[in-house]
Trainee: 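Sharing a structure, written as structure tokens. Questions coming.
Just so we're on the same page: letters track the sequence lines, and every chain starts at 1. Only this structure's heavy atoms are used, side chains among them; waters, hydrogens and symmetry mates stay out.
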Protein chains: 2
Amino acid sequence: MSWKRQDREERGYHHGNLREALIKAARELIKEKGPAGFTFADAARSAGVSAAAPYRHFRDREALLADVAREGFQRFEAMLSTGWAGGKPDPITAFHNIGRAYLAFARAEPAYYAAMFESGLPPDINVELRAAGDRAFGVLRTAAETLVGLLPAGKRPPALMMSLHVWSLSHGIASLFGRGDAGRRSLPMTAEELLESAMLIYLQGLGFPPKA
Amino acid sequence: MSWKRQDREERGYHHGNLREALIKAARELIKEKGPAGFTFADAARSAGVSAAAPYRHFRDREALLADVAREGFQRFEAMLSTGWAGGKPDPITAFHNIGRAYLAFARAEPAYYAAMFESGLPPDINVELRAAGDRAFGVLRTAAETLVGLLPAGKRPPALMMSLHVWSLSHGIASLFGRGDAGRRSLPMTAEELLESAMLIYLQGLGFPPKA
DNA sequence: CTTTAATGTAAACTCCCTTAACATGAGCTG
DNA sequence: CAGCTCATGTTAAGGGAGTTTACATTAAAG
């Protein structure tokens, strides 16, 4: 395991891929101590360079965090898309799979998740971040639109509202109970079971049949 | 506006109520820059005392934060209790009022809310904090138990699960959209409308009549 | 070989945390 | 009221860490 370029050369004066190395270091530090628990200098130290080196690649700590978050949203979108799987095997099952993917991401990538949602970053800090976030949410919205289409014409809720409901629910569960981190509140059930049961009740409230 | 004792005397050597003044200063700093955005010395400066003074009242910065959070949970509990109002005028309406109270608190007291849920504090950092949090959640749980009792005996979901669902949903909405803070995502509806609509659908899914 | 931009380093600068030693004032006791 | 005592703040000093500027080195291009 090396932060420097994995295979080639020994690294002379130049690091070779410092930008990526800093993002990776930031992720590991966030995972350990939270989005506020590391400093620009810490990231540099982890990457094996001097404290001033990061300034060549990021204007400040916030810019580094924003890049971590952007990268996170990209992976998040990919994971949600995989869960949705184009609505296969059937839209309802696929919708539940998005929920599972949501929690799985929060659990597997707590550092990305924290940078995305708990770092206090303004979503508009740059265009790319905003766009990446919107694309991830778009997966949920598309899925909601498909589901809404299954209901009889008179009983269709707004798909945007529905996707916001599910997003909020998922985020709430992930924030409160989603990470095994010590110190979090304990539960009589898993976060996944909690989300699944809530979604079942919610979908039933919208008029979807109990057994899909 | 003065940090010192509001009316009497000019403050001589002693501050008179530094402990409370520090908590208040912390709240204002959190509101401005987030739970991680201030330091022990900052709080002292805001309270108008030397950097060493806070050590007479709090072991460290974390202890100060914990006290802010504890105080927040107490007010939170009071606000939720007022919303519930013992189940008046009827349990369903009162349940919705809890939701409104939840969002109102997050909006009116972002500093408390951040200290309670977004500061990274372990809930078990001291017994009082844990107990205060549990009491606040207890309001929601009691309400859920009352509601569950309205359903026919064979169709009652676990009240604990139901309260966790609503808590997660409320927290998710509050976290993602609840604060008017610049930088948050914008919505085609208010957070209150979003929560109310979600709770209506959820309750209908549990078998509560559409019009209560 | 020289030039130039990219990339790191080193060191100055500032700020924070923490503790120790001292000062003040409020309340109790006789 | 005089004197003791303790809680509360202050000043001062150390040690450490983060940020940032000025300078040094390398790689690549002409």
Side-chain angles (χ1 to χ4, degrees), chain A residues 2-30 32-68 115 119-121 125, chain B residues 2-26 28-30 32-68 119-121 125:
Chain A
S2 153
W3 299 298
K4 304 138 196 180
R5 51 175 79 179
Q6 302 275 357
D7 319 274
R8 305 202 157 276
E9 321 187 18
E10 271 312 295
R11 158 171 188 211
Y13 195 87
H14 285 46
H15 184 286
N17 198 3
L18 184 52
R19 185 184 178 85
E20 285 306 313
L22 285 171
I23 292 181
K24 184 170 187 178
R27 277 196 294 144
E28 284 167 6
L29 290 168
I30 292 172
E32 288 168 17
K33 303 190 288 181
F38 81 101
T39 132
F40 219 29
D42 275 332
R45 203 180 350 267
S46 288
V49 298
S50 71
Y55 288 86
R56 300 295 179 182
H57 298 274
F58 301 96
R59 187 155 40 76
D60 52 20
R61 206 191 83 111
E62 205 174 48
L64 170 56
L65 255 182
D67 250 51
V68 174
S119 64
L121 275 182
I125 193 168
Chain B
S2 153
W3 300 297
K4 305 138 196 177
R5 50 175 79 181
Q6 303 272 359
D7 320 275
R8 308 204 155 277
E9 324 188 16
E10 274 309 299
R11 159 172 187 208
Y13 195 86
H14 283 47
H15 184 285
N17 199 2
L18 183 53
R19 186 185 177 85
E20 286 306 312
L22 285 170
I23 292 181
K24 184 170 186 177
E28 283 168 5
L29 291 168
I30 292 172
E32 288 168 17
K33 303 190 288 181
F38 79 101
T39 127
F40 218 30
D42 277 331
R45 206 182 344 270
S46 288
V49 297
S50 72
Y55 288 87
R56 299 290 184 189
H57 298 275
F58 301 96
R59 189 156 41 77
D60 53 18
R61 205 192 85 111
E62 206 174 46
L64 170 56
L65 253 182
D67 250 51
V68 174
S119 65
L121 274 183
I125 195 168

Trainee: How far does CD of E62(B) sit from CG of L121(B), to the nearest 0.5 angstrom?
Mentor: 5.5 Å

Trainee: Which residues within residues 54-64 of chain B lie with some heavy atom under 4.0 Å of an atom in DNA chain D?
Mentor: R56(B), H57(B)

Trainee: Calculate the interatomic distance between R19(B) atom CZ and dT8(D) atom P; express it in whole Å.
Mentor: 10 Å

Trainee: Whole angstrom is fine here: how far is it from CZ in F40(A) over to P in dT21(D)?
Mentor: 13 Å

Trainee: Using whole Å, what does the distance between atom P of nucleotide dT7(C) and atom CG of L22(A) come to?
Mentor: 12 Å

Trainee: Rounded to the nearest 0.5 Å, what separates atom CG in L65(B) from atom CZ in F40(B)?
Mentor: 10.0 Å

Trainee: Taking the side chain as every heavy atom from C-beta outward, state whether L18(B) and H57(B) have any atom pair closer than 4.5 Å.
Mentor: yes

Trainee: For a 4.5 angstrom cut-off between non-hydrogen side-chain atoms, does L64(B) reach P54(B)?
Mentor: no

Trainee: Starting at CD of E32(B), measure out to CD1 of I30(B) and round the result to the nearest 0.5 Å.
Mentor: 11.0 Å

Trainee: Between P on dT18(C) and CG on D42(B), what's the gap in Å once rounded to a whole number?
Mentor: 14 Å

Trainee: Looking at F38(B), does the NZ or CZ of R61(B) lie under 6.0 angstrom from its six-membered ring centre and within 45 degrees of the ring axis?
Mentor: yes

Trainee: Taking only N and O in the side chain of T39(B), is any of them less than 4.0 Å away from OP1 or OP2 of dC17(C)?
Mentor: yes

Trainee: Taking only the side-chain heavy atoms of A52(A) (C-beta and beyond), determine which of dC16(C), dT9(C), dG9(D) contains the nearest atom.
Mentor: dT9(C)

Trainee: Starting from P on dA7(D), measure out to CG on N17(B) and report it in whole angstrom.
Mentor: 17 Å

Trainee: For A51(A), report the nucleic acid contact type (base, sugar-phosphate, nothing); a contact means any heavy atom under 4.0 Å.
Mentor: base

Trainee: Is there a side-chain contact between S50(A) and the phosphate of dA10(C), meaning an N or O under 4.0 Å from OP1 or OP2?
Mentor: no

